Number of protein chains: 2
Amino acid sequence: MGDRSKPNKRVTLQDVAQRAGVSTAAVSYVINGGPRPTSPELRARVLSAIAELDYHPNSAARGLRGRRTNTIAFVTYDFLPNESFSSHYLGRMLTALTRELQQHGNYLLMFPLATGDDPTPLRKMLKSERVDGIVARFVQDPPHTDALLEVVQESGTPCVCVERPGDARFGFPGITYDDDEGGALATNHLLGLGHRRIAHLAGDMRYATARRRMSSYQRTIVASGIPFDADISAVANWDIRQARGETHRMLSLPDPPTAIFAASDDMAFGALHAAHDRGLRVPEDLAVVGFDDIPLAHQLTPLLTTIRAPLDEMGVRAARLLTGHTKADPEALVETRPVQLIRRDSA
Amino acid sequence: MGDRSKPNKRVTLQDVAQRAGVSTAAVSYVINGGPRPTSPELRARVLSAIAELDYHPNSAARGLRGRRTNTIAFVTYDFLPNESFSSHYLGRMLTALTRELQQHGNYLLMFPLATGDDPTPLRKMLKSERVDGIVARFVQDPPHTDALLEVVQESGTPCVCVERPGDARFGFPGITYDDDEGGALATNHLLGLGHRRIAHLAGDMRYATARRRMSSYQRTIVASGIPFDADISAVANWDIRQARGETHRMLSLPDPPTAIFAASDDMAFGALHAAHDRGLRVPEDLAVVGFDDIPLAHQLTPLLTTIRAPLDEMGVRAARLLTGHTKADPEALVETRPVQLIRRDSA
DNA sequence: ATTTGATATCTAATCGATTAGACTCAGGCT
DNA sequence: AGCCTGAGTCTAATCGATTAGATATCAAAT
């Protein structure tokens with residue numbers, strides 16, 4: 001497992017102080033820029049000693065005395081055990097998060113949890129003061145995650161929720177995007193193209209996100225004077241195959257849809273698949289709009305028209321709030337970032 | 001960002017000792033199971049005091065004195081900045097890793113790096129003694145990652161490489177699977193089905209994995225007495241669209257392939273797409289074998305026949321080696337886990 | 001009865017950084 | 001001259017756990 005011997009003796013702040021001929025306090029002041037002023041000469045001496053000795057502050061000692069770990073946890077609460085890691089979707093946020101954190105010497109700890117998991121490990125992690133804050137991605141809405149949020153609150157760890165509006169009762173802010181706006185954008189885009197028979201493929205109804213996307217579709221349809229038809233609104237549970245099956249079913253109806261708004265790109269692929277099966281042209285015979293904008297969306301043909309959620313922006317924002325590089329508006333518990341219609345070839 | 005005030009006073013080991021009427025040493029012994037024996041009565045008193053006070057050891061203090069952080073870093077070195085997080089492929093390993101670590105109270109720190117990134121942040125992280133060990137996933141082979149490995153070695157941090165054979169010069173063990181075996185399995189499967197005209201879609205040649213999969217394909221073909229034909233061996237760079245394009249090209253040849261071994265499931269989808277475009281039946285007119293077994297492989301139709309790498313096993317194994325729950329065989333610098341042919345519908 | 005040894009427990013030093021409090025010194029004020 | 005102020009630096013206490021060394025207790029060995 002690599003060199004187990006200790007090849008290089010530890011360099012401590014003491015050593016630096018000695019080398020620079022100053023006190024340990026002075027060195028600390030220089031490193032941390034305060035809380036007392038330092039003279040330029042002293043600063044120079046210390047900095048060159050640090051460089052010469054290749055000194056790096058010990059994170060444990062810092063954490064103990066200074067009560068900062070420079071670590072943020074990303075806590076997920078999924079329905080399936082491995083969900084968080086296997087979604088292209090989440091990748092965008094994690095990438096943004098880690099990069100933003102790295103920029104200021106902070107680190108990301110992964111803490112995946114699945115529904116039904118005991119919250120004790122989370123409690124333990126928080127109470128051991130391992131992290132300065134957490135980014136919570138809980139796919140369910142209140143009250144299903146109350147137990148977790150209570151654990152977080154009780155530990156006193158700063159917390160920012162993502163992909164949900166936060167929680168007023170617990171005082172946690174949330175950074176989210178507007179599923180309603182996304183659903184409306186998608187549906188209106190199809191309406192604007194002249195479609196009157198627009199179907200919906202919905203995600204797993206346990207997800208708030210799935211429910212919101214569906215209801216905004218319904219509202220938009222109805223608002224435009226078209227009656228809602230349950231026959232062409234199907235729950236496909238985020239699943240490609242189910243989406244394909246449901247699409248086939250709907251296309252076999254006496255009055256088949258001419259357009260489909262799928263609540264995820266995956267399901268949109270299922271719909272495209274079905275269209276392909278039947279020799280339908282996209283978008284001429286069947287227009288398809290997805291949601292998420294996963295990488296595949298612009299790799300498969302036809303290129304998928306979809307709704308893009310600002311995952312990266314949300315990641316960056318969450319990181320900044322937690323590391324204190326941006327102040328949160330104490331009034332606004334919810335920050336909603338706009339979604340975007342990405343027009344490609346499928347609609 | 002949640003409650004910033006400190007709602008509950010800190011509970012320390014001192015408090016527990018006082019409450020139980022014993023010394024702090026005794027409490028520590030009980031918690032850590034040693035290094036000295038403790039009597040059952042004392043243990044009981046301490047444990048109930050811990051429970052009553054809801055005590056959780058402070059991780060920073062532990063780290064400082066005990067030199068263990070209970071944290072493992074997952075360090076990636078990718079060609080693209082966000083690659084590590086957006087691959088279904090890696091998800092399997094990360095899930096296995098975190099779950100295994102959580103089991104023993106260890107945590108996973110994500111540390112993604114992209115080619116060309118300055119290794120300084122890694123150096124800094126390691127020298128600050130933030131982690132007990134690292135799992136290194138460096139997609140390139142030596143000598144491209146020497147600079148990074150040097151940094152790791154110099155820091156003295158235990159390191160296990162995954163998806164490559166480790167590195168003898170640095171003394172790091174590796175846990176990997178056999179790309180050659182996978183390529184041979186796939187190719188032989190197609191040969192066994194009677195195919196004589198077998199094409200290959202190769203990944204990005206900068207990846208050792210892509211090169212190995214390609215050369216084992218070539219060797220297997222040639223070993224069976226079929227001459228290697230460069231016209232039906234194409235580099236598609238892991239890209240779906242390129243794979244589709246190359247498949248079209250090959251199918252237009254005077255002597256088109258009847259089977260394709262794609263070095264990744266993604267590229268296999270590209271091939272399937274092309275077959276679909278031309279109205280070819282799979283596997284009758286064109287047989288396709290992929291590599292990786294990503295979730296999509298058993299969600300799209302036809303279900304993809306593919307090679308499955310034991311990512312989860314590798315993750316678990318790496319975790320155990322680093323946390324000391326399994327001893328590494330000091331002789332064997334490489335542990336190669338078997339791959340598996342998953343027979344489904346496409347070949 | 002005394003020594004030996006093993007077992008169980010306690011005392012206190014220690015890990016390496018942060019920071020409040022004490023100190024020094026120069027310059028400005030009365 | 002004497003006092004005050006503030007900038008710059010140093011001394012030393014402190015964070016909370018681990019663990020080597022000292023101590024106590026009791027059973028077995030001499």
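Every chain is numbered from 1, with letters handed out A, B, ... down the list of sequences. Because the structure is a prediction, the values reported are computed rather than measured. Worth knowing before you read on, the calculation uses all heavy atoms, side chains too, and leaves out hydrogens, waters and symmetry mates.
The existence of a salt bridge linking A/Asp132 and A/Arg67 is excluded, since no basic side-chain nitrogen approaches an acidic carboxylate oxygen closer than 4.0 Å. Residues A/Asp15 and A/Arg10 are not paired through a salt bridge, judged by the lack of any N-O separation under 4.0 Å between the basic side chain and the carboxylate. With salt bridges taken as basic N to acidic carboxylate O contacts below 4.0 Å, none links B/Lys127 and B/Glu129. Salt-bridge check for B/Asp312 with B/Arg317: failed, with every basic side-chain N at 4.0 Å or more from each acidic carboxylate O.
Among the atoms of the strands shown, only primed sugar atoms or phosphate atoms (P, OP1, OP2) are found under 4.0 Å from some heavy atom of B/Ala26. Counting any heavy atom pair closer than 4.0 Å across all strands shown, B/Val22 reaches sugar-phosphate atoms only and no base atom. Using a 4.0 Å heavy-atom distance criterion, A/Leu42 is classed as a sugar-phosphate-only contact. B/Ser28 comes within contact range of at least one nucleobase, with a heavy-atom separation under 4.0 Å.
Nearest to the side-chain atoms of B/Arg65 among the listed nucleotides D/dT9, C/dT14, C/dT11 stands C/dT14. When distances run from any side-chain atom of A/Leu13 to the nucleotides C/dT18, D/dG16, C/dA8, the shortest one goes to C/dT18.
A residue-by-residue look at B/Leu64 and B/Ala25 shows that B/Ala25 has its nearest nucleotide of DNA chain C further toward the 5' end.
The two atoms that bring B/Thr71 and B/Arg130 nearest to each other are CB-O, 3.9 Å, heavy atoms only.
For the OP1/OP2 pair of D/dT19 and a distance below 4.0 Å, the side-chain nitrogens and oxygens of B/Arg36 include no atom meeting the criterion. Within the structure, every side-chain polar atom (N or O) of B/Ser39 is placed at least 4.0 Å from both OP1 and OP2 of C/dT7. Phosphate proximity of D/dG16 to B/Arg10: present, with a side-chain N or O under 4.0 Å from OP1 or OP2. Between B/Ser23 and C/dC10 there is a side-chain polar atom (N or O) within less than 4.0 angstrom of OP1 or OP2. The side chain of A/Asn32 places an N or O atom within less than 4.0 Å of a non-bridging phosphate oxygen (OP1 or OP2) of C/dT18. Residue B/Arg67 has a polar side-chain atom (N or O) positioned under 4.0 Å from OP1 or OP2 of C/dG16. Phosphate contact (OP1/OP2 of C/dC10, side-chain N/O of B/Thr24, threshold under 4.0 Å): absent. Taking 4.0 angstrom as the limit, B/Tyr29 places none of its side-chain polar atoms (N or O) nearer than this to OP1 or OP2 of C/dT7.
Atom CG in A/Asn58 sits roughly 17 Å away from atom P in D/dA17 (whole-Å rounding). Rounded to an integer number of Å, the gap from OH of B/Tyr55 to P of D/dG16 is 10 Å. Between A/Arg130 atom CZ and D/dG16 atom C1' there is a gap of 14 Å when expressed in whole angstrom units. Atom C1' of nucleotide D/dT11 and atom CD of A/Gln14 are separated by 12 Å, given to the nearest angstrom. In this structure, CG of A/Asp15 is placed 13 Å from C1' of C/dC15, rounded to the nearest angstrom. Here D/dT11 presents its P atom at 12 Å from CD of A/Gln18, a figure rounded to the nearest Å. The distance from atom CZ of A/Arg43 to atom C1' of D/dG8 is 11 Å, rounded to the nearest whole Å. In this structure, A/Glu41 places its CD atom 12 Å from C1' of D/dA7, rounding to the nearest Å.
Residue B/Val135 forms a side-chain contact (heavy atoms from CB on, under 4.5 Å) with just one option from B/Leu97, B/Leu101, B/Val75, and that option is B/Leu97.
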